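This is a predicted model, so every value here is computed, not measured.
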Amino acid sequence: MKALIIQYNNIGDVLVSSVIANNLKKIYPHSKIDFLCYKRYMGVLQKNPNIDRIIAIDSNRVRSLFFLYKYIKLIKSEKYDILINLSQNLSSFLFTIFSKSQRKYGFSQNLFNKIYDKTFTKVIVPVTQTCNLLENRLVVIEEFLKENPVPIDPQAKIYLTEQEIKEAKEKMINSGIRFTRPIIMLGVLGSNVKNTWTLGNMAKFIDFIWVNYRADLLFNYLPSQYKQINELLSLLNTNTKVFVQPVGKTVREYASFMQNCTLFMGNDSRAVLIAKALQKPTFTIYPPYVHRKDVACYENTSLHQSVHLQDFLPNLFDDFYQSELKKDSSKFYLMLSNDFVILKVKPFIKEHLSIFKKVK
């Protein structure tokens, strides 16, 4: 049996969608499973033993008719038994339409429902999981359990080699990071300004962690965000010690650094889901405009916890439209005080750093 999974919208969707590949391989042990995604996201899929081939496409060329024809021809020639389209955009619809797959599956979208043999309606509120992103992938898996009812494993995983982990550790040691005490990866910046807690509050949060816990603090950020990092550094207490190097230049390099850390704390970004896939403890500060039910995957145990302005203002989404919250994100972030976040994070730290002594 040959199957193709199409998912290339963003790195989080790609990583969580790999759960489908993992479980399909359990249902059909002798199957060949291919996964089509953007080249820049393939790092979260590499070395996954349940994925036989990654078809990585260039996101900058996906609108080219010649480029599309090349991949339509490839997919058509494979004659997949099963094709699962999770992306819901024009190129993925074309791949689906022109494939010679015997069975085609996808999420319901009125205009394109006829191209599928079976469609799935996306859930609005998660039932068995803590986020719709994962819940909707499990709905897809349920369809195939009819043929071989095996236990579902909902955990997304990133597979790193021992060499990758070792090289990352060496870079961390060369940067002065000690492995005699906990190492906290700090997501000090989100993917953009609207996803970033105020720098002033973040600085106070970092000062609190440094003063109260024996830990090496490693910043996680994109190379393009160095100007903001310098601004944040200027706001820290002069006694607070942090590490701004090494920086993961690729998805796999970041994941390898994260594998060598004790836990993750900070803004919501690709880094959070990667840490969760490595099953490292996480504490996430979500943007005010984001619904927790859409993104808070795996937060049904104490391993992964979070804070949201809605915890402080329960009627937040009743009082404001999501568009308002996003447009004035900085204003609403100011309402999420440092004191409130610290109140929420203390039990998390107590549990996951309990084996280490506090300074005071």
TODO: Would you kindly check if the NZ (Lys) or CZ (Arg) of K122 is within the cone defined by 45 degrees around the ring axis of F107 and under 6.0 Å from the six-membered ring centre?
DONE: yes
TODO: Please answer: with hydrophobic residues joined when any side-chain heavy atoms are less than 4.5 Å apart, are I152 and V140 in the same cluster?
DONE: yes
Task: Steps toward side-chain contact (heavy atoms from CB on, under 4.5 Å) verdict (Q155, V19) - done: CA-CA 7 Å; Q155 180 63 50; V19 169; over 6 Å; no
TODO: Give a yes or no on this: more than 12 heavy atoms of other residues, nucleotides or ligands lie within 6.0 Å of atom NZ of K157.
DONE: yes
Open item on the list: Between F320 and F332, is the ring centroid distance below 6.0 Å?
Closed with: yes
TODO: Work out which heavy atom in P126 is nearest to a heavy atom in N132; give both atom names and the distance.
DONE: CD-OD1, 2.9 Å
Task: Spacing of CG belonging to D294 relative to CG belonging to L134, to within rounding of 0.5 Å - done: 13.0 Å
Open item on the list: For a ring-ring contact (aromatic ring centres under 6.0 Å, His included) check, start with the C-alpha distance between F66 and Y71, then their side-chain angles and the critical distance, and finish with the verdict.
Closed with: CA-CA 9 Å; F66 176 78; Y71 283 93; over 10 Å; no
TODO: Heavy atoms only: give me the nearest L336-N201 pair and the separation to one decimal.
DONE: O-ND2, 3.5 Å
TODO: Determine whether M185 and I173 fall in the same hydrophobic cluster, where Ile, Leu, Val, Met, Phe, Trp and Tyr are linked whenever their side-chain heavy atoms lie under 4.5 Å apart.
DONE: yes
- [ ] On the 0 to 90° scale, with breaks at 30° and 60°, tag the H308-Y286 ring pair as parallel, tilted or perpendicular.
- [x] tilted
- [ ] Given side-chain contact (heavy atoms from CB on, under 4.5 Å), test F205 with I209 step by step and report yes or no.
- [x] CA-CA 6 Å; F205 180 75; I209 300 300; 4.3 Å; yes
- [ ] Would you mind checking if D339 and K344 are paired as a salt bridge, meaning a charged N to carboxylate O distance below 4.0 Å?
- [x] no
Open item on the list: For a quick check under 3.5 Å, do T161 and E164 share a side-chain donor-acceptor pair by atom type?
Closed with: yes
TODO: Decide, yes or no, whether a salt bridge links K32 with D34 under the criterion of side-chain N to carboxylate O below 4.0 Å.
DONE: yes
Task: Gap between atom CG of L45 and atom NZ of K47 - 0.5 Å precision - done: 13.0 Å
Task: Donor-acceptor pair between S108 and N113 side chains, under 3.5 angstrom - done: yes
- [ ] Please name the pair of heavy atoms, one in S191 and one in S269, separated by the smallest distance, quoted to 0.1 Å.
- [x] N-CB, 4.5 Å
Task: Straight-line distance of F144 CZ to I20 CD1, nearest 0.5 Å - done: 8.0 Å
Open item on the list: If I take atom NE2 from residue H352 and atom CD from residue Q305, how far apart are they, to the nearest 0.5 angstrom?
Closed with: 5.5 Å
- [ ] Would you verify whether the NZ or CZ of K280 falls within 45 degrees of the ring axis of F264 while also being under 6.0 Å from that six-membered ring's centre?
- [x] no
Open item on the list: Whether D216 and R181 form a salt bridge (side-chain N of Lys/Arg under 4.0 Å from carboxylate O of Asp/Glu) is what I want to check.
Closed with: yes
Open item on the list: Does the structure place the NZ or CZ of K169 under 6.0 Å from the centre of the six-membered ring of F179, at an angle of no more than 45° from the ring's axis?
Closed with: yes
TODO: List the steps, then state whether side-chain contact (heavy atoms from CB on, under 4.5 Å) holds for Y105 with L86.
DONE: CA-CA 8 Å; Y105 301 87; L86 305 170; over 6 Å; no
